[in-house]
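Shown next, in structure tokens, is the structure this report addresses.
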Amino acid sequence: MHLTILAASGRTGHALTRQAVERGHTVTAIARDPRRIALDHPNLRKVAGDVSDPASIVVDPDTVVLSGLGTDRPGVLTDGAKAVIAAGPRRIIWLGTYGTGASAEAAGEGAAVLWKFLGDRIPDKVEADNAVLAAGGTVFHAGVLTDEPAGPGRTVGLDAAPPFDLGAEVSRETVAAAMLDEAEAPRFSGAVALPLAG
């Protein structure tokens with residue numbers, strides 16, 4: 001497949017990019033500074049792109065876009081979602097946060113703690129997720145991310161979501177593997193999926 005990875009120089013984006021080429025896919029890796037994508041492979045093309053400039057997000061219409069975009073500034077995720085949707089890929093697989101938006105009710109009362117950490121970024125996350133879902137994409141709502149190696153993982157829908165727990169960590173490697181599984185064999189088109197450890 002041809003995959004496009006958004007925010008490929010970030011920790012989750014790097015995991016997505018590395019695993020995608022290891023699985024034999026042709027990858028276009030987008031980052032504001034492509035020199036920061038610490039990976040070289042014959043099937044990898046690095047390009048500059050910034051979601052605040054939608055014209056710089058150019059994708060092939062037959063590609064699947066996987067986003068590892070994260071930010072500490074409100075508005076960036078919504079800009080990113082709009083830019084990717086406008087670029088017109090075949091599918092979008094987007095990384096979100098468990099306990100926000102569509103997964104808030106499933107996560108239960110514990111998710112209220114997210115406002116302490118994310119505050120004014122939550123509406124941005126929700127708006128971006130909703131735009132991707134409305135476009136038929138899949139949004140992965142991950143819990144607390146770690147830099148641990150990939151372990152056994154599983155992906156469930158909101159109907160099987162566990163209560164929110166800050167101690168229930170999942171590695172970026174496990175999340176990347178789940179997102180790539182969804183790219184290869186869609187199960188959650190137009191829906192929220194949860195990548196879980198174990």
Side-chain angles (χ1 to χ4, degrees), residues 1-8 10-30 39 43-44 51 57 59-70 77 80-85 87-104 106-107 125-126 128-146 148-162 168-198:
M1 296 175 67
H2 181 235
L3 305 177
T4 298
I5 312 295
L6 185 63
R11 291 181 291 176
T12 305
H14 181 268
L16 282 164
T17 303
R18 194 197 76 256
Q19 289 187 34
V21 294
E22 287 174 353
R23 291 185 185 205
H25 300 299
T26 301
V27 176
T28 298
I30 299 175
L39 187 66
N43 291 343
L44 174 63
V51 297
I57 307 298
V59 301
D60 184 283
D62 196 41
T63 195
V64 175
V65 173
L66 297 100
S67 174
L69 187 63
L77 295 173
K82 289 178 179 175
V84 169
I85 293 164
R90 180 161 52 105
R91 288 189 63 224
I92 302 168
I93 301 173
W94 191 262
L95 181 60
T97 301
Y98 184 48
T100 64
S103 67
K125 289 176 173 292
V126 172
D129 290 357
N130 288 344
V132 170
L133 292 169
T138 302
V139 177
F140 274 77
H141 274 193
V144 178
L145 297 174
T146 72
E148 299 299 315
R154 59 194 171 92
T155 301
V156 300
L158 288 178
D159 58 330
E169 300 175 336
V170 61
S171 75
R172 286 178 171 80
E173 295 288 339
T174 300
V175 171
M179 292 174 74
L180 287 164
D181 288 347
E182 178 68 16
E184 294 169 350
R187 295 171 49 210
F188 297 98
S189 295
V192 171
L194 277 66
L196 304 173

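The figures here come from the full heavy-atom set of this structure, side chains too, leaving out hydrogens, waters and symmetry mates.
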* Measure across T155 and R187 and return the closest heavy-atom pair with its distance rounded to 0.1 Å. => O-NH2, 3.5 Å
* To do: Could you tell me whether the side chain of V84 reaches within less than 4.5 Å of the side chain of V59, counting heavy atoms only?
  => no
* Have T63 and H2 got a donor and an acceptor in their side chains that come within less than 3.5 Å? -> yes
* **Any donor-acceptor pair under 3.5 Å from S103 side chain to A106 backbone** => no
* Asked: Which atoms form the tightest heavy-atom contact between L180 and A20, and what is the distance?
  -> CD1-N, 3.7 Å
* Structure fact -> Rounding to 0.5 Å, atoms CG (L77) and CG (D129) come to a distance of 8.0 Å
* Distance in Å, L16 CG paired with I5 CD1, rounded so as to fall on 0.5 Å steps -> 5.0 Å
* Below 4.5 Å, heavy atoms only, C-beta onward: do V170 and L145 meet side chain to side chain? -> yes
* N/O donor-acceptor pair under 3.5 Å between T12 side chain and R172 backbone -> no
* Structure fact -> For L69 and G80 the tightest heavy-atom approach is CD2-CA, 4.1 Å
* Considering residues at least two apart in sequence or located in another chain, which fulfil the salt bridge (charged side-chain N to carboxylate O under 4.0 Å, His left out) criterion with E148? -> none
* Whether T138 side chain and F188 backbone form a donor-acceptor pair below 3.5 Å -> yes
* To do: Grab the two heavy atoms, one from L6 and one from S67, that are nearest each other, plus how far apart they are.
  => CD2-OG, 3.7 Å
* Asked: Only one of V192, L95, L158, T97 forms a side-chain contact (heavy atoms from CB on, under 4.5 Å) with H141, so which one is it?
  -> V192
* Asked: For A161 and L194, which heavy atoms make the closest approach, and how far apart are they?
  -> CB-CD2, 3.6 Å
* Structure fact -> Here the gap from N43 atom CG to T17 atom OG1, rounded to the nearest 0.5 Å, amounts to 12.5 Å
* Nearest heavy-atom neighbours spanning A150 and S171 -> CA-OG, 3.8 Å
* **Residues in salt bridge (charged side-chain N to carboxylate O under 4.0 Å, His left out) contact with D62, at least two apart in sequence or another chain** => R90
* Would you call D181 and R23 a salt bridge, taking side-chain N to carboxylate O under 4.0 Å as the test? -> yes
* Asked: Taking the side chain from R11 and the backbone from G68, do they hold a donor-acceptor pair closer than 3.5 Å?
  -> no
* Just how far is it from atom CD of Q19 to atom NE2 of H25, taken to the nearest 0.5 Å? -> 10.0 Å
* To do: Please answer whether the main-chain N or O of E182 pairs with a side-chain N or O of R91 as donor and acceptor at a distance below 3.5 Å.
  => yes
* Asked: Does the side chain of L66 come within less than 4.5 Å of L3's, by heavy atoms?
  -> yes
* Asked: Do side-chain atoms of T100 reach the backbone of V126 as a donor and acceptor pair under 3.5 angstrom?
  -> no
* **Rounded distance [0.5 Å steps], CG in L133 versus OG in S189** => 10.5 Å
* When rounded to the nearest 0.5 angstrom, what is the spacing between CD1 in I30 and CD1 in I57? -> 5.0 Å
